[in-house]
Chemist: 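Okay, handing you the structure first.
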Amino acid sequence: MECPPATDRPAAAEQPVRLRTVGARKVVAEGVPSGSDPHPATGPRILAMLHIGAAGRNAMPTAHSWCSCGRDLKAFGHHQVARLTADHTRHRTTCPLLTEGKEAA
């Protein structure tokens, strides 16, 4: 026995398609510049950084040495982290970006 299709039910209304734009600028308050640079060239800024981490007890330590001159080194393990720490300290005394302000003082 076949049932005839129900014709008394209304068809589902078509839902509008909402497209989400990625990277669209948000409207900001009046008087606030929307095109300002989040990394200003004046004032204090990070020129070199050494990050050492270990997740927990008996974990392998890691280190990341970064400098704005283009240096970007990583080390894993106790001995390599110790070597990278010494190398990072040595680099801070020889890098032209880090020593140019010290010469003027």
Chemist: I'd like to check the salt bridge (charged side-chain N to carboxylate O under 4.0 Å, His left out) partners of Arg71; sequence neighbours left out, ordered by chain and number.
Modeler: Asp87
Chemist: Output side-chain donor-acceptor pairs under 3.5 Å for residues 54-64, partner residues at least two apart or in another chain, one line each.
Modeler:
from: Thr62; atom 1: OG1; to: Gly53; atom 2: O; distance (Å): 3.4
from: His64; atom 1: NE2; to: Asp72; atom 2: OD1; distance (Å): 2.4

Chemist: Ala82: what forms a side-chain contact (heavy atoms from CB on, under 4.5 Å) with it, not counting sequence neighbours?
Modeler: none
Chemist: For residues 73-84, which residue pairs qualify under side-chain hydrogen bond (donor to acceptor under 3.5 Å, both in side chains), counting only residues two or more places apart or in two chains?
Modeler: none
Chemist: Partners of His91 by side-chain hydrogen bond (donor to acceptor under 3.5 Å, both in side chains), sequence neighbours excluded?
Modeler: none
Chemist: What's the separation between atom NE2 in His88 and atom SG in Cys67, rounded to the nearest 0.5 Å?
Modeler: 7.5 Å
Chemist: Atom NE2 in His51, atom OG in Ser65: separation rounded to 0.5 Å?
Modeler: 12.5 Å
Chemist: How long is the span from the CG atom in Leu84 to the CG atom in Leu73, to the nearest 0.5 Å?
Modeler: 6.0 Å
Chemist: Nearest heavy-atom pair of Leu97 and Leu47: which atoms, and what distance?
Modeler: O-CD1, 4.0 Å
Chemist: Tell me every residue that passes side-chain contact (heavy atoms from CB on, under 4.5 Å) with Thr89, counting only those two or more places apart in sequence or in another chain.
Modeler: none
Chemist: Quick check on the hydrophobic clustering: are Val81 and Leu50 connected, directly or via other members, by side-chain heavy-atom contacts under 4.5 Å?
Modeler: yes
